Amino acid sequence: MFDGTDGTGGVDGVVGPLKSSRPSGGPAGRRLGVLLFVLPLLGAVGLVLGTSGASPAHAASACSGRLVKTVTFSTGSLRVYESRAYACAVTVASKPGARRAMRVSLQPRGGRAAVDSGTFTKLAGPVTVHALNRCVRASGSIAGKSASTGWILC
């Protein structure tokens, strides 16, 4: 009867784990040990230092295309971008840091609105809709203060 073993205690003749012919204490083993130590250390340093203080304008670059409309309000701004066939919107906090309620909505004329809402520290969004030959309207809010556009990109 065939049971998948060859009588040596292993499946298909493999008795134990494969062993390397190179000694583990050689130069390659040391390089691997150094890499396993240095890479996590570099990652930890990156987490501690963080970014170089990116401004909210850099944070809003999550949308591709060109900036076509900016509406500012007391706690931030609503930014609408346009690429060839799509429109994108983000709501950016003027003072990022503390978590607070944020919302962004982008609606093409005759279509359903794309919405991102929750508690965020820097921005809500991006939300993107197909807007080739269509008007869109956007709205955004941060901590109860809001702004909106009328129909734009018509």
Side-chain angles (χ1 to χ4, degrees), residues 4 11-12 14 17-22 24 26-154:
V11 178
D12 297 331
V14 177
L18 297 176
K19 303 221 184 215
S20 173
S21 61
R22 180 179 293 204
S24 62
R30 278 179 276 201
R31 278 191 296 248
L32 181 62
V34 168
L35 279 177
L36 291 176
F37 175 75
V38 170
L39 289 177
L41 183 64
L42 288 175
V45 168
L47 288 174
V48 170
L49 295 179
T51 62
S52 61
S55 68
H58 292 18
S61 64
C63 286
S64 62
R66 65 182 183 93
L67 180 65
V68 292
K69 185 80 169 177
T70 302
V71 182
T72 59
F73 51 101
S74 62
T75 55
S77 63
L78 169 66
R79 298 177 184 176
V80 181
Y81 295 81
E82 177 187 35
S83 62
R84 184 181 185 286
Y86 293 92
C88 180
V90 292
T91 301
V92 183
S94 58
K95 294 182 181 176
R99 285 196 171 274
R100 56 192 162 229
M102 293 187 190
R103 182 177 197 275
V104 63
S105 172
L106 183 63
Q107 178 183 9
R109 186 170 291 210
R112 186 172 285 185
V115 178
D116 183 27
S117 63
T119 56
F120 306 110
T121 59
K122 294 179 185 177
L123 62 99
V127 292
T128 304
V129 296
H130 189 266
L132 185 64
N133 299 324
R134 297 170 89 179
C135 302
V136 297
R137 66 179 168 189
S139 64
S141 66
I142 300 174
K145 308 293 184 193
S146 64
S148 63
T149 67
W151 292 106
I152 58 173
L153 307 178
C154 296

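Only a predicted model underlies this, so the values are computations on that prediction, with no experimental measurement involved.
Between Val92 and Leu123, the shortest heavy-atom distance links the atoms CA-CB, 4.2 Å. The minimum heavy-atom distance between Gly140 and Thr91, with the atom names listed, is CA-OG1, 3.4 Å. Nearest heavy-atom pair, Ala89 versus Leu106, reported as atom, atom and distance to 0.1 Å: N-CD2, 3.9 Å. In this structure, Val136 and Ala131 approach most closely via the heavy-atom pair CG1-CB, 3.7 Å.
Legend: disulfide (SG to SG under 2.5 Å) pairs involving residues 79-125, not counting sequence neighbours, sorted by first then second residue: Cys63-Cys88. Applying the disulfide (SG to SG under 2.5 Å) test to pairs two or more places apart or on separate chains, none has a residue in residues 93-133. The salt bridge (charged side-chain N to carboxylate O under 4.0 Å, His left out) contacts involving residues 110-119 comprise nothing, where partners must be two or more places apart or lie in separate chains. Every pair tested for ring-ring contact (aromatic ring centres under 6.0 Å, His included) that includes a residue from residues 95-129 fails, sequence neighbours excluded, so the list is empty. Every pair tested for ring-ring contact (aromatic ring centres under 6.0 Å, His included) that includes a residue from residues 97-116 fails, sequence neighbours excluded, so the list is empty.
Here the straight-line distance linking atom CZ of Phe73 with atom OG of Ser141 works out to 6.5 Å at 0.5 Å rounding. Rounding to the nearest 0.5 Å places CD of Glu82 at 9.5 Å from CG of Leu132.
Checked against ring-ring contact (aromatic ring centres under 6.0 Å, His included), Tyr86 has the following partners two or more places apart in sequence or in another chain: His130. The side chain to side chain donor-acceptor pair (under 3.5 Å) check on Arg137 picks up Gln107, with sequence neighbours excluded. Listed by chain and residue number, nothing satisfies the side chain to side chain donor-acceptor pair (under 3.5 Å) test with Ser139 (two or more places apart in sequence, or in another chain).
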Between side-chain atoms of residues 96-104 and protein atoms elsewhere (two or more places apart, or another chain), which donor-acceptor pairs fall under 3.5 Å?
unit_1	atom_1	unit_2	atom_2	d
Arg99	NH1	Thr119	O	2.7
Arg100	NH1	Lys95	O	3.4
Arg100	NH2	Lys95	O	2.6

Could you tabulate the donor-acceptor pairs under 3.5 Å formed by side-chain atoms of residues 143-154, not counting sequence neighbours?
unit_1	atom_1	unit_2	atom_2	d
Thr149	OG1	Ala138	N	3.0
Thr149	OG1	Ala138	O	3.4

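A side chain to side chain contact (heavy atoms under 4.5 Å, CB included) with Val80 holds for exactly one of Val68, Thr70, Leu67; it is Val68.
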